Undergrad: 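Dumping the structure here so I can ask a few things about it.
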Amino acid sequence: MSERFTKGMARNIYYGGGAFFFLLFVALTFDTVTVLPKRENRDQLTAQVAHGKALWEENNCIGCHTLLGEGAYFAPELGNVFKRRGMENEAVFKAYFSAWLKAMPTGVEGRRQMPQFHLNDEELNDLAEFLIWTSRINTNDWPPGIEG
Amino acid sequence: MKYQSQAVAKPYFAFAILLFIGQIVFGLILGTQYIIGDFLFPEIPFNVARMVHTNLLIVWLLCGFMGATYYLVPEETQCELFSPKLAWILFWAYAIAGTLTIIGYLSVPYATLAEITGNDILPTMGREFLEQPTITKVGIVIVALGFLFNVGMTILRGRKTVINMVLITGLLGLAVFFLFSFYNPSSLTLDKYFWWWVVHLWVEGVWELILGSILAFILIKTTGVDREVVEKWLYLIIGMALISGILGTGHHYFYIGTPDYWLWIGSVFSAIEPLPFFMMMVFAFSMIKQRRREHPNKAAMTWASACTIMAFLGAGVWGFIHTLAPVNYYTHGSQITAAHGHLAFFGAYVMIVLAIISFAWPQLNGRQSNSPAAQKVEIASIWVMCLSMLAITLLLTAAGVIQVMQQRVPADGIAIGFMATQDLIVPVYWARLVAGMAFTVGVFMYLASFLVAGRTRDQAPALAANA
C-alpha cells in the first residue's frame, strides 16, 4: 500500500466506521422495535400463543423445521403451515394438527421420522395457536408460494 | 515458545481437535439421515444430531480461540500470562460443562433436558445454535469473564500491540453479544431480531476481529514482514468488516417480520461484505510475497493462506450469491444457506484455528516446526479437506437450486411439496455424503500428521533463539 495511506488513517477508519455504523444500527433497531408490534399483530399475542412458543422451543422443533425460513432444512417450513394444511380455517387446522402430531412417528421404513412428543390436548391447542399467529406476521410476502 | 505460560494453550488445542472429530462424526450421521430418513431413529433423531453437530462446532472454535489467545498474548505483550492456574481451572470448567451438555443432548429427550435444567425459570433453550441449557449458558459467561480477566490483566501489564488490542476487542464483543442469548421474548419477531445479535454479530462481526488478529500474528511470525505494514492492513480489513457487517445484519431482516427498509439496507451493506475477505486474501499473499525470512513451518503458512481463499469463497462469494433481497426471496431457508454456512465456517474459522494450532503446536513441544515428512502429510490433508468441503458446498448449492426451481419458483398448484422435492434431491445427497466421507479422510490424514511428527521429531528443526 502506498505510504500516503498511513496506519493512523486505517485505524481511524476502523474506529470511526465501526462506531458510526454501530450507532446507526442501534438507531434503526429502535425504529424496528417500535413498528414490530403492528407487523406481527402483538395485540393478538395471547397467553396461549406465548405458551405455544415455549413448547416450540422446549421440543426443539427448530432442529428439523424452518420457521419463517430460519432453522434446519430437514422438514417443511411451518410459518405458513396454517395456510398450507389448514386452509386458514382455525378449526380445520387444529383438528389436522392434533391428529398429525398424535400419529407420529409414522414408522414408514426409510422415511424421515418425526418423534412423538406426548403433548396433551391443551398443549396441542397452544402450539397450533402459536403457528396460526406466526402465519399472520407481515413477512414482506414470504414465502413465495404455499409449499414454503 | 518464549514464555512458559503459553503452554496452557495445549489442553485447549487438544480438546478443540477432539471435539472437531466429534463434529465430523455427527456430520456424517446427518448426511446419512438426509438420504435414509429413519437412520438411527429414534435413538438419535435428526434434531439431536444437528444440535450436537453445530454446538460442537461452536464449542471447539471457542476453545480454539481461547487456546490461540493464550498462545499469542504472552508473545505480543512480552510477558507471562497473568494466571496460568486460572486458565487451567477455566479449561476444566469449560471442558466438563461442554461434555455434560453434549451428554445431556444425547441421553434424554430435549424437553426432559429443558425440564431438569430449569428452563422455565429463565427460558433460553430451543433456538437454533443457542440450544444449550440456561445453566450451560451461565457457565459460558462465567468462563468468558474469567478468561477476559486473565487476558485483560496480561495485556494491561505488558506491551499493547495492535494485534492483542484487536484480539481482546473481538473477544469482548463475543462475550457481550452472547448476553443477548438470555433475551427470549414471547414475541417471535423480537426474539429472531435479537437472536441475530448473537449469531450474525458474532460470525460476520466480532469473530472477524479475532480471525484478523490471529492471521496477522501468524503472518508476522512466518514472513518477518514489518509490523507497521501488517497492522495497517489489519485495521483496514477489520474496519471494512465492521462497516459492511454491522448493517449487513439486515440481510437476515428481509422476511422475518421486520420492516421493509431492511430489504435495501441489508442488500446494499451485505453486498460489501465480501470486500474485507478479498482484502484478507490480498493481504496474506502480498505478505508472503514480501517475506523476509523462510520459516520452516510450511504447513502453517499453507493453512493461513488457504484460509483466506476459502473464507473469501465461503463467506464472500457464497454469501453474496444469496444476499440480495430479490434472490434471497427464493433461496431463504434452502440448502443454499447450508452450502454457504459450511464453506464460510470452514474457510474462515475452522481453518484459522487449525492454522494457529499448526503454527503453535510444534513450538509448544520445543520444535520450530514439524519435520518435513509430517508437514507433507499435513499439507496433503489441507488439500483433501478443502477440496471435499468445496465439493460439499457445490453439491448443497445444487440441492438448493433444485429446491428453488421445484418448490419455490413455480406457481401454487404446480410447485411440488417440500418432501417430494427432497426425494428428487436424494442423488445429490448421496454425492454430498461421499464428499463428507472424503472430508473425514482428510481429518484422519491431519491426525496422522501428528503421529508422523512424533515419530520424526529428530528431523524437526529445533526451537531456534529467534523463534
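Here the structure is a predicted model, which means the values were calculated and not measured. A, B, ... follow the sequence lines: proteins, then strands. Residue 1 opens every chain.
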Undergrad: For a quick test of reading the model, state the closest non-hydrogen atom pair linking B:Phe41 to A:Pro115 and the distance between them.
TA: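 Nearest pair, atom of B:Phe41 first, then A:Pro115: CZ-CA, 3.8 Å.
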Undergrad: Do A:Phe25 and B:Ile265 come close enough that some side-chain heavy atom pair is under 4.5 Å?
TA: no
Undergrad: Would you mind reporting whether B:Thr189 and A:Arg39 have side-chain heavy atoms less than 4.5 Å apart?
TA: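 The answer is no; the side chains never approach within 4.5 Å.
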Undergrad: Who among A:Cys61, A:Gly69, A:Cys64, A:Ala54 has the most heavy-atom pairs with chain B under 4.5 Å?
TA: A:Gly69
Undergrad: Under 4.5 Å from any heavy atom of chain A, what part of B:Asp191 do you find: side chain, backbone, both or neither?
TA: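 Looking at B:Asp191, just its side chain touches chain A.
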Undergrad: Can you tell which part of B:Tyr105 gets under 4.5 Å to a heavy atom of chain A, answering side chain, backbone, both or neither?
TA: neither
Undergrad: Less than 4.5 Å to any heavy atom of chain A: does that hold for the side chain of B:Glu131, its backbone, both, or neither?
TA: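 Only the side chain of B:Glu131 comes within 4.5 Å of chain A.
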Undergrad: What part of A:Leu28 gets closer than 4.5 Å to chain B, counting heavy atoms only: side chain, backbone, both or neither?
TA: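 Interface part for A:Leu28: both.
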Undergrad: Please classify the contact between A:Met9 and chain B as side chain, backbone, both or neither, with a heavy-atom cut-off of under 4.5 Å.
TA: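 Neither the backbone nor the side chain of A:Met9 comes within 4.5 Å of chain B.
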Undergrad: With sequence neighbours excluded, tell me which residues meet side-chain hydrogen bond (donor to acceptor under 3.5 Å, both in side chains) with A:Glu147.
TA: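 Result, side-chain hydrogen bond (donor to acceptor under 3.5 Å, both in side chains) vs A:Glu147: none returned.
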Undergrad: For A:Val49, which atoms come within 4.5 Å of any heavy atom of chain B: side chain, backbone, both, or neither?
TA: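 No part of A:Val49 comes within 4.5 Å of chain B.
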Undergrad: Distance from A:Asn138 atom CG to B:Asp260 atom CG, nearest 0.5 Å?
TA: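 One finds 8.0 Å between CG of A:Asn138 and CG of B:Asp260.
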Undergrad: Could you give the distance from CZ (B:Arg50) to CD1 (A:Ile62), rounded to the nearest 0.5 Å?
TA: 8.5 Å
Undergrad: Do you know which of A:Leu24, A:Thr66, A:Asp141, A:Val33 has the most heavy-atom pairs under 4.5 Å to chain B?
TA: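 The answer is A:Asp141.
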Undergrad: Cut-off 3.5 Å, no hydrogens considered: what does the side-chain donor-acceptor table look like for residues 10-21 of chain A, sequence neighbours left out?
TA:
residue: A:Asn12; atom: ND2; partner: A:Gly8; partner atom: O; Å: 3.4

Undergrad: With only heavy atoms counted, which part of A:Arg111 is less than 4.5 Å from chain B, the side chain, the backbone, both or neither?
TA: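 Looking at A:Arg111, backbone and side chain both touch chain B.
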Undergrad: Quick check: under 4.5 Å, non-hydrogen atoms only, which of residues 416-423 of chain B neighbour chain A?
TA: B:Ile416, B:Gly417, B:Phe418, B:Met419, B:Gln422, B:Asp423
Undergrad: Is B:Phe129 in contact with chain A via its backbone, its side chain, both, or neither, using a 4.5 Å heavy-atom distance?
TA: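 Contact with chain A: none, neither part.
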Undergrad: Side chain, backbone, both or neither: which part of A:Gln116 has an atom under 4.5 Å from a heavy atom of chain B?
TA: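 It is neither, since no heavy atom gets under 4.5 Å.
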Undergrad: Give the member of B:Leu30, B:Leu201, B:Ile238, B:Asp120 that has the highest number of heavy-atom pairs under 4.5 Å with chain A.
TA: B:Ile238
Undergrad: Between B:Leu234 and chain A, with a heavy-atom cut-off of 4.5 Å, which part of the residue counts as in contact: side chain, backbone, both or neither?
TA: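 Contact with chain A is absent: no heavy atom of B:Leu234 under 4.5 Å.
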Undergrad: Quick one: what part of B:Pro42 sits under 4.5 Å from any heavy atom of chain A, side chain, backbone, both or neither?
TA: neither
Undergrad: Taking side chain as everything from C-beta outward and backbone as N, CA, C, O, which of these in B:Tyr261 sits under 4.5 Å from a heavy atom of chain A? Side chain, backbone, both or neither.
TA: side chain
Undergrad: Could you have a look at A:Gly107, A:Gly71, A:Ala50 and say which one has the most heavy-atom pairs with chain B under 4.5 angstrom?
TA: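 Among A:Gly107, A:Gly71, A:Ala50, the one with the most close pairs to chain B is A:Gly71.
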Undergrad: Under 4.5 Å from any heavy atom of chain A, what part of B:Leu209 do you find: side chain, backbone, both or neither?
TA: side chain
Undergrad: I need the A:Lys53 NZ to B:Asn184 CG distance, nearest 0.5 Å.
TA: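 Going from the NZ atom of A:Lys53 to the CG atom of B:Asn184 covers 4.0 Å.
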Undergrad: I need the residue from A:Val35, A:Leu67, A:Leu55, A:Val108 with the largest number of non-hydrogen atom pairs under 4.5 Å to chain B.
TA: A:Leu67
Undergrad: Can you say whether A:Phe130 sits under 4.5 Å from chain B via the side chain, the backbone, both, or neither, judging by heavy atoms?
TA: side chain
Undergrad: Specify whether B:Tyr34 and A:Phe74 have parallel, tilted or perpendicular ring planes, treating 30° as the upper limit for parallel and 60° as the lower limit for perpendicular.
TA: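 Plane angle over 60°, so perpendicular.
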Undergrad: To the nearest 0.5 Å, tell me how far B:Leu188 CG sits from A:Thr134 OG1.
TA: 5.0 Å
Undergrad: How long is the span from the CD1 atom in A:Ile137 to the OG1 atom in B:Thr258, to the nearest 0.5 Å?
TA: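 If we round to the nearest 0.5 Å, A:Ile137:CD1 and B:Thr258:OG1 are 10.0 Å apart.
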Undergrad: So do A:Leu36 and B:Ser187 actually touch side chain to side chain, heavy atoms under 4.5 Å?
TA: no
Undergrad: Apply side chain to side chain donor-acceptor pair (under 3.5 Å) to B:Trp262 and A:Thr32, showing your working.
TA: CA-CA 9 Å; B:Trp262 286 111; A:Thr32 297; 2.9 Å; yes
Undergrad: Is a side-chain donor or acceptor of B:Lys232 paired with a backbone partner of A:Phe5 at a separation under 3.5 angstrom?
TA: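 Such a contact is found between B:Lys232 side chain and A:Phe5 backbone.
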Undergrad: Please classify the contact of B:Ser334 with chain A as side chain, backbone, both or neither, using a heavy-atom distance under 4.5 Å.
TA: backbone
Undergrad: Measure B:Thr124 against the heavy atoms of chain A and call it side chain, backbone, both or neither at under 4.5 Å.
TA: neither
Undergrad: Going from CD1 on B:Ile36 to CD on A:Glu109, what distance comes out if it is rounded to the nearest 0.5 angstrom?
TA: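 CD of A:Glu109 is found 10.5 Å from CD1 of B:Ile36.
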Undergrad: Side chain to side chain contact (heavy atoms under 4.5 Å, CB included), that's the test. Do B:His332 and A:Thr139 meet it? Break it down for me.
TA: CA-CA 12 Å; B:His332 179 50; A:Thr139 56; over 6 Å; no
Undergrad: Pick one of side chain, backbone, both or neither for B:Arg408, based on which atoms fall under 4.5 Å of a heavy atom in chain A.
TA: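 Both backbone and side chain of B:Arg408 come within 4.5 Å of chain A.
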Undergrad: Please state whether the side chain, the backbone, both or neither of A:Pro37 comes within less than 4.5 Å of a heavy atom of chain B.
TA: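 Looking at A:Pro37, nothing touches chain B.
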Undergrad: Examine the side chains of B:Asn119 and A:Glu57 and answer whether a donor and an acceptor come within less than 3.5 Å of each other.
TA: no
Undergrad: Does CE belonging to B:Met405 count more than 12 external heavy atoms closer than 6.0 Å?
TA: no
Undergrad: Checking B:Asp38 side chain against A:Gln113 main chain: does a donor-acceptor pair fall under 3.5 Å?
TA: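 No; zero donor-acceptor contacts below 3.5 Å.
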Undergrad: Check each atom of A:Ile146 against the heavy atoms of chain B and say whether the ones under 4.5 Å are side chain, backbone, both or neither.
TA: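 Both backbone and side chain.
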Undergrad: What are the residues of residues 110-117 of chain B, in order of number, with any heavy atom under 4.5 angstrom from a heavy atom of chain A?
TA: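 Within residues 110-117 of chain B, the residues that come under 4.5 Å of chain A (heavy atoms only) are B:Tyr110, B:Ala111, B:Ala114.
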Undergrad: Taking side chain as everything from C-beta outward and backbone as N, CA, C, O, which of these in B:Val162 sits under 4.5 Å from a heavy atom of chain A? Side chain, backbone, both or neither.
TA: side chain
Undergrad: Between A:Pro143, A:Gly145, A:Ala72, which has the largest tally of heavy atom pairs under 4.5 Å with chain B?
TA: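 The option with the most such pairs is A:Ala72.
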Undergrad: Run B:Phe46 and A:Arg112 through side chain to side chain contact (heavy atoms under 4.5 Å, CB included) and show every step you take.
TA: CA-CA 9 Å; B:Phe46 181 89; A:Arg112 297 181 191 178; over 6 Å; no
Undergrad: Please classify the contact of B:Ile237 with chain A as side chain, backbone, both or neither, using a heavy-atom distance under 4.5 Å.
TA: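 Interface part for B:Ile237: neither.
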Undergrad: Please look at B:Pro185 and chain A and tell me whether the side chain, the backbone, both or neither of the residue comes under 4.5 angstrom of a heavy atom of that chain.
TA: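 When you check distances to chain A, only backbone atoms of B:Pro185 fall under 4.5 Å.
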Undergrad: When only pairs under 4.5 Å are counted, which of B:Leu263, B:Leu190, B:Val166, B:Leu242 shares the most heavy-atom pairs with chain A?
TA: B:Leu190
Undergrad: Counting N and O atoms only, with roles assigned by atom type, does the side chain of B:Tyr329 sit under 3.5 Å from a partner on the main chain of A:Asn140, one being a donor and the other an acceptor?
TA: no
